[in-house]
2 protein chains.
Amino acid sequence: MYSYEYPRPSVTVDCVIFAWDSENSDLKVLLIERAHNPFAGSWAFPGGFVDMDEDLETAARRELEEETGMNDLFMEQLFTFGAPNRDPRGRVISVAYYALVSLAHHADQIKAASDAADTQWVSVKELSELELAFDHKEVMKIALERLRGKVRYQPIGFELLPEKFPLSQLQILYEQVLGMTLDKRNFRRKILKTKLVLPLDEYQQNVSHRAAQLYKFDKDTYEQLVKEGFVFEI
Amino acid sequence: MYSYEYPRPSVTVDCVIFAWDSENSDLKVLLIERAHNPFAGSWAFPGGFVDMDEDLETAARRELEEETGMNDLFMEQLFTFGAPNRDPRGRVISVAYYALVSLAHHADQIKAASDAADTQWVSVKELSELELAFDHKEVMKIALERLRGKVRYQPIGFELLPEKFPLSQLQILYEQVLGMTLDKRNFRRKILKTKLVLPLDEYQQNVSHRAAQLYKFDKDTYEQLVKEGFVFEI
DNA sequence: GCAAAAGTGTTTGCGCTACACCCATGA
DNA sequence: TCATGGGTGTAGCGCAAACACTTTTGC
């Protein structure tokens with residue numbers, strides 16, 4: 001037992017994992033079906049309590065690894081949710097993070113863990129049909145707004161793609177996330193002009209049409225350019 | 001006494017109050033000299049513990065009112081700081097907020113309160129000379145980055161000005177916050193084109209040169225335009 | 001009349017947009 | 001040979017940047 005002079009809230013971390021499904025050109029998030037109450041049977045973002053000697057982001061990464069087996073993702077703090085009644089068990093403040101991965105690269109890493117009866121990737125378009133636990137609907141809304149806002153001004157779209165990708169995939173990703181269509185020629189010109197994507201001597205395989213050239217994001221160049229005052233923008 | 005099966009962190013809120021000092025064309029933040037340990041004598045952002053039945057933002061506004069007498073400010077969540085050793089008293093997680101005010105409008109509201117031996121507005125340029133408590137140096141850094149980033153894409157600059165202001169003040173504010181000079185004619189054209197600032201039939205008073213026309217930010221029009229897909233940008 | 005800041009237009013060039021066809025590949 | 005997506009160039013327009021002088025006011 002731990003005793004304190006004043007009452008204290010519990011603190012948890014929750015992770016919104018966005019994954020880009022290249023095959024279906026679809027943005028998905030990872031949900032876990034809650035095995036226990038509260039909200040047993042509802043879907044929730046992976047998360048859990050913060051250890052006392054553990055940094056917040058460390059906690060988020062640990063929970064993620066425990067519940068899904070995924071590690072070493074791009075991850076940023078999203079928002080802290082602290083409405084007094086957001087958890088029926090009592091005062092629970094949740095520090096939410098969001099992460100970006102390529103589905104192809106990570107889907108196979110997923111494993112069900114102790115307190116997860118089931119795990120699924122859900123298209124963000126179909127999310128409204130699911131019942132989410134706690135205030136996770138609100139969390140989702142904030143996460144999507146953040147992703148949409150951030151993708152324009154920072155090259156985080158690449159985090160959703162495999163290391164090597166054709167430019168068409170990048171374009172479709174942007175079109176889906178931003179909810180608009182983009183002109184193919186203009187898009188390519190813009191992206192290539194930045195010098196942030198390097199053409200490789202590799203091509204798509206096993207496609208029943210002309211194979212597209214593959215590119216990769218050049219993080220080193222990006223960081224170099226940022227130092228010189230470069231601002232990424234789509 | 002309150003007892004729990006597992007240990008729990010304390011949760012605090014801290015507020016970075018940015019104020020625009022029109023007279024000196026200077027961006028300032030509010031600091032409170034700590035009267036008690038830890039960090040007695042150091043300067044810190046106003047803040048305190050979150051009550052158990054209180055929303056996070058409500059807590060931030062309450063602490064602000066208690067310590068400075070200011071209320072009803074523009075305020076947004078900034079970041080949550082949770083490094084295990086950021087507070088020598090134990091595990092304390094701090095949800096930081098930032099607020100924007102006009103110094104002329106609020107400076108007189110400031111009052112010293114119970115746990116504040118002293119209170120001062122410090123120019124952000126002089127902050128490096130002061131010793132800040134806890135991890136508030138880091139908090140300050142993040143707050144400035146946020147302000148600089150956000151001021152370009154959202155009309156929050158107006159929150160730093162009095163209700164009625166000359167365009168030259170707005171320009172100087174942007175120049176200071178963004179750290180660049182702007183062309184007067186281009187700036188005026190750009191601002192006026194958006195229709196977000198309304199010219200008033202009022203003019204500066206008590207200036208020893210031609211009096212500038214005053215303008216005000218038109219929040220209603222802004223919200224209307226946002227609904228139509230308008231994106232503010234400087 | 002002088003100091004100090006307010007206010008005002010035009011030109012130029014770059015960047016963004018719009019737009020359609022041929023190519024390579026596998027089935 | 002057909003279907004599928006890959007890949008490419010140009011013209012025109014609008015917007016942003018560069019730039020300097022006159023006006024008003026108080027002292």
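Lettering follows sequence order; numbering is per chain, from 1.
For the pair L130(B) and K137(B), the tightest heavy-atom approach, listed with the atom from each and the gap, is O-NZ, 3.4 Å.
No side-chain donor-acceptor contact under 3.5 Å links Q176(B) and W20(B).
Following rounding to the nearest Å, Q213(A) (CD) and dC23(C) (P) show an atom-to-atom distance of 18 Å.
Sorted by residue number, the members of residues 160-179 of chain A with any non-hydrogen atom under 4.0 Å from DNA chain D read S168(A).
A salt bridge is absent between K227(B) and E223(B): the closest approach of a Lys/Arg side-chain nitrogen to an acidic carboxylate oxygen does not fall below 4.0 angstrom.
Residue R188(B) places at least one side-chain N or O under 4.0 Å from the OP1 or OP2 atom of dG7(C). Phosphate proximity of dC19(D) to K184(B): absent, as no side-chain N or O sits under 4.0 Å from OP1 or OP2.
No donor-acceptor pair closer than 3.5 Å links the side chain of T68(B) to the backbone N or O of E65(B).
With hydrogens and angles ignored, a donor-acceptor pair closer than 3.5 Å exists between the side chain of R185(A) and the base of dA20(C). Contact of N186(B) with dA18(D) (side chain to base): a donor-acceptor pair of N or O atoms is detected under 3.5 Å.
Residues Y153(B) and Y153(A) bring their aromatic ring centres within 6.0 Å.
Here K28(B) pairs with D21(B) under the salt bridge (Lys or Arg N to Asp or Glu O under 4.0 Å) rule; sequence neighbours left out.
Of the candidate nucleotides dG9(D), dA6(C), dA24(C), dA24(C) has the atom nearest to the side chain of R210(A).
Nucleotides of DNA chain D nearest to R189(A) and Y215(A) differ in position, and the one nearer the 5' end is that of Y215(A).
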